Novice: 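Below is a structure I'd like to ask you about.
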Amino acid sequence: MNKSEKSRISALTMAALLTAARLFSLSLYMPHGGENAAITALTAAGLCLLKLPIMTAAALLGRHFGENRAFSAATAALSAVMVIICTNAFAEMTAETYPERCTRLTTFIVLLCICVYVASMGLAGTARTASLMLAGFALVCTPVLIEMRGSMLSDRLDPLSYKPVREITLTAAGLLRLFPEPVMLAGLIGRTDGSPSRAVKPFLIADALVSGSFFLMCGSVTGRFFGQSGYAFYTLAGNTHGAFIDRANGVFMFFSSSFAIITVSALMMTFWRSAEMIRQKRPREETAKAQ
Amino acid sequence: MPDYTAYKNILIADSLEKTLADIREITGGSMDINAPRLTINGTECAVVTAEGMVSGETVGELLLLPLMSLNGGLHSTPQSIMRFCTDESMMSSNKTVCYTYGSALGLLFSGFALVFVDGVPFAAAFGIQGYAVRSVSPPVSENELLASQEGFAEVVRTNISLIRRRIKHPALTFEMIQCGKLSSTDVCIAYVRGKADENAVAGIRQRLSEIQLDSVLTPGYIQPFLERDPGRRLFSEVGVTERPDLLCTELIRGRIGVIVDGAPFALIVPYLFAENFGTVDDYSVKRYYAFFVKIMRWLAFMLAAAFPGIYLAAVNHDPEMLPLKLLLNLAAGEKTTLLSLFTELVVIMLLLEILREASIRLPHAIGTAMSIAGGLIIGDTAVKSGIISSPLLIIVGVTATASFVLPSFSQQLSVLRLMFIFAGGFAGFFGISACAVMLSANICSQSLDGVPFSSPAAPFNPDGMSEMLGRKTFRRMEKDEPTTKDLK
C-alpha cells in the first residue's frame, strides 16, 4: 500500500464509489423462493429512506471521530470483515456461475491480490475508476437493456402479496446482506472534500433509481419465476438479445467483477487508513501520558 | 578519471602561455583544440576553437581579419585590444566574457571561439558555431496533413527559433540549463509566463538541476526525473513531440516544454492521457469530423489493447455471447487447427511484435522484403498448415491496424495486449475486468504538479470533455484562456 498517498477526492467521486459498491451488491442479489419482484423494487427504493440516517450518521461519525483511536479500530475491524464477506460472496457467485472454470478459493485469492494492487494505487485512482466504470456501465448496459424491451411485459409485475410484512422483511434482509457503504463512508470521509450530504444524497438517489428499475426489469422479464431465477443480475443478462451480442453474460460479468474489485479495494483502503490512524495516534497518546 | 571539475572555478591566468598550457592540461592535449596565435602591435593573442565546432570561414572573417587590422593602429596595450574585442567591435552578436576555465571551456565545446590576450586574465567568447547540423525537416513520427511540415531538429537553438517564430510574445520565456556531469547537455525550459504554473516551472528547474547522470543524450534520459513515481506507472505524465506547432499549442495552454540539445524531440509537462488522442490536424478539419476521428482513436486504443483478449474470453468462456452463425463459423475455423485458441493467439501476437520490432529498425528496402516474408509467407503458410485459424488472422489484422493509429502508445499497447490475452484466456471476463480496473486505477492515480492525468474524464470536467472527445469551436476558443490551473 502506498503510504505516502494522501490524495483527496470530491464528494461526488465518493458518491460514485458508493454507487459502485451498491451495484456490486445488486449484482450478487439472489431472491428467496417465491419473492415478488414488484415488492422487491418497492422495498429497495424504500430502503433508501432507512439508509439516509445510517449513511448520514456514518459520514458525521467519520468526520468527527475519524482520528479517534477506538473509532479507527472499529472501522478497521468492520472493513476487514467486509473485505472477507464481499470477496467470499463474489467468489461464491463465480463458482456457481462458472463452475467448470473457477473454484471458490482461486477466485477468492485472485480477487484479493488484484484488490491489493488497485488499493495500492490510492483512493483517487480507485474512486475515479469507479466513476469511469459507472459511465461505462451506463453506456454499455443501457443499449443492451433497451434491446431487451421485447422480453419485458408489465403484466408480469404484480405488487400484491399475502404476507407483505414478512416478504418486505425478508427482502430487506436480502438487500442489506451486502451493505459495505457505511463502513466505506465512515472510513474515507476524512479524505473527501465538501459536505458529506453531497456524497450521501446523490448516492441514495442513484441507489433508489437503479435498484428500483433493476428489480422492475427483472420482474417484467421473469414474472412469477423471479424467486427461482438465481442471481437476478445474471438472469437478466441471460435474457438479453442484441444485434452484436446474443447473451450479455460476459458484459454483465465484466461490470460485476469491476464493481467487486472497486468495492473490495475501497474497503481495503478503509482498513489501511484506519490502521494508519491508530498507528499515528499512538505516539501522541504516549507522549501525552508521559507528560 | 581525473577530476576535471576542479578546474571549473579556477580563474584564467594573466599570462597567455600559462593559459594555453592550462587548457592543454585540462583537455589532456586533445587534438581537436586549435589555438592559432597572432601578434598585434607586439601583444601576443590566441584564438582558441574546437575542431569542427566553428566555421573556419567565419573565424577568418569575423575574428582574425578585424584583429589583424589592429596592427599599426591605436590599440597597443593588451587591455585596449581586449576592449576592442568586448566593447568596441561587433564580431558576433552572441558574445560574452569568461573569467574561469569552467565557463570558457563550456562555451568552447558549444562552438564558441575564445580570444585570449597576453596580460588579460579573462577571455572573450564569440558564438560562431559552424558544426554540421541536420536542417529542419518534416517530422518522422507525427505526420499531419493540414499543418506545418516542420519538425524539430537536433540543435536546441534551432528548436528555440522554431517556437519563437510561432509565439511572438514577450511572455514566452526560455531558460537554459546544463545537465549531465560529462556531457553538459544544453536543456531548455520553455513556458509562457502568466499561463504556466510558476511552482511547476520552479519544480522542473530544480529536478533538472539535481540530475547527476554522466550524460544526457536524449529526452528519455531526463523524462523519468520529471515524472512522478515512474517505476509504478504504465503511462507517462510527460508528453513527447517532434512538432513545434504542437508544443506551441501546449505552451499556450500553460504547459511547460523541455528541449534537449541533440534530439529532435521536446517534452511537454504535464501531459494528460486524453491529449495523446489529439492531433494538430483536429483544428484544421470540421468539428464534426474531429469528433468522429477522436472517437475512432479511442475505439482503436481499446481494440488494440483488449480486442484479442475479449475475443478469447468470449469464445472460451462465454460463447453464448456470440450470435449462432458467427459461433458456428468460428468453430469450423478452429476445428482445422492444431493448437488451442489461447496458444494460437499468444504465438501470433508474439510473432506480430517481432515483425513490428524488426520493421522499425530495418532500412526501407529490406523492410518491404521482411513484410512479404513475415506477413504473407508466414501468415499464409500458418493458416494453410493449420497452425492458426483464418478468423484469428482477422483479429490480429484488426488489432495491428488499430495499434498503428496511436504510435505514441506502442510500448504500452504491446504489453497490455498480452496482459488482456492472458487474463481473458485464464479467467474470461473476470480477467478482462481485472485488467481493465487495474489499468484504469493506474491511469487515474497519476497526477503531476496537481494535474490529474485522467482529467477531464476523472475528475469530471465538463468544460474539458469537448476537447477530449472532439475539439472546441474557434468562437469558444476566443473566449477561453486555458491554463493548467483549470485542470486541477
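Numbers restart at 1 for each chain; the letters A, B, ... are given by sequence-line order, proteins then strands. Just so you know, these numbers come straight off a predicted model, no measurement behind them.
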Novice: I'd like to know if the side chain of B:S433 reaches the main chain of A:F254, judged simply by a donor and an acceptor atom lying under 3.5 Å from each other, with no hydrogens or angles considered.
Specialist: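 Yes, the answer is positive, given that a donor and an acceptor are paired below the 3.5 Å cut-off.
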
Novice: Between A:M253 and B:M321, does a side-chain contact (heavy atoms from CB on, under 4.5 Å) hold up when you go through it step by step?
Specialist: CA-CA 12 Å; A:M253 178 67 186; B:M321 279 181 76; over 6 Å; no

Novice: For atom NZ of A:K201, is the number of surrounding heavy atoms from other residues, nucleotides or ligands below 6.0 Å larger than 12?
Specialist: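 Open: at most 12 neighbouring heavy atoms sit under 6.0 Å from NZ of A:K201.
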
Novice: Heavy-atom pairs under 4.5 Å with chain B are the metric here; pick the option from A:N249, A:T94, A:I114 that has the most.
Specialist: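 Top option by heavy-atom pairs under 4.5 Å: A:N249.
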
Novice: Side chain, backbone, both or neither: which part of A:Y98 has an atom under 4.5 Å from a heavy atom of chain B?
Specialist: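 The answer is the side chain of A:Y98.
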
Novice: Quick check: closest heavy atoms across A:I261 and B:A434, and the distance to 0.1 Å?
Specialist: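 That would be CD1-CA, 3.5 Å.
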
Novice: Taking the six-membered ring for Trp and the full ring for Phe, Tyr or His, determine whether the centres of A:F90 and B:F430 are under 6.0 Å apart.
Specialist: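 Ring centroids of A:F90 and B:F430 are less than 6.0 Å from each other.
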
Novice: Does the A:R247 side chain pair with the main chain of B:E320, one donor and one acceptor, at a distance under 3.5 Å?
Specialist: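 Judged by distance alone, no pair lies under 3.5 Å.
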
Novice: Do side-chain atoms of A:T129 reach the backbone of B:A441 as a donor and acceptor pair under 3.5 angstrom?
Specialist: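 Indeed, once roles are kept as given, a pair shorter than 3.5 Å links the two residues.
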
Novice: Is any side-chain heavy atom of A:E100 closer than 4.5 Å to one of B:H317?
Specialist: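 Not in contact.
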
Novice: Report which part of A:S258 has an atom under 4.5 Å of a heavy atom belonging to chain B: side chain, backbone, both, or neither.
Specialist: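 Both backbone and side chain.
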
Novice: Compare every heavy atom of B:C444 with every heavy atom of A:R128, then report the nearest pair and how far apart it is.
Specialist: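 Closest approach of A:R128 to B:C444, heavy atoms only: NH1-O, 2.9 Å.
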
Novice: Give a yes or no on this: more than 12 heavy atoms of other residues, nucleotides or ligands lie within 6.0 Å of atom CZ of B:R207.
Specialist: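 More than 12 heavy atoms, drawn from other residues, nucleotides or ligands, come within 6.0 Å of this atom.
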
Novice: Which one wins on heavy-atom pair count under 4.5 Å against chain A: B:G431, B:P452, B:A314?
Specialist: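 Heavy-atom pair counts peak at B:P452.
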
Novice: Among A:L132, A:I9, A:T13, A:T126, which residue forms the greatest number of heavy-atom pairs with chain B at distances under 4.5 Å?
Specialist: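 Heavy-atom pairs under 4.5 Å are most numerous for A:L132.
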
Novice: Counting only heavy atoms from other residues, nucleotides and ligands, does the tally under 6.0 Å from CD of A:E96 exceed 12?
Specialist: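 More than 12 within 6.0 Å, yes.
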
Novice: Side chain, backbone, both or neither: which part of B:I432 has an atom under 4.5 Å from a heavy atom of chain A?
Specialist: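 Both parts, backbone and side chain.
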
Novice: To the nearest 0.5 Å, what is the distance between CE on A:M121 and CD1 on B:I443?
Specialist: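 The CE atom of A:M121 sits 11.5 Å away from the CD1 atom of B:I443.
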
Novice: Examine whether an atom of B:I310 lies under 4.5 Å from a heavy atom of chain A, and if so say whether it belongs to the side chain, the backbone or both; otherwise answer neither.
Specialist: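 Contact with chain A involves no heavy atom of B:I310 at all.
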
Novice: Just checking, any donor-acceptor pair under 3.5 angstrom between side chains of A:S120 and B:R232?
Specialist: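 There is such a pair between these side chains.
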
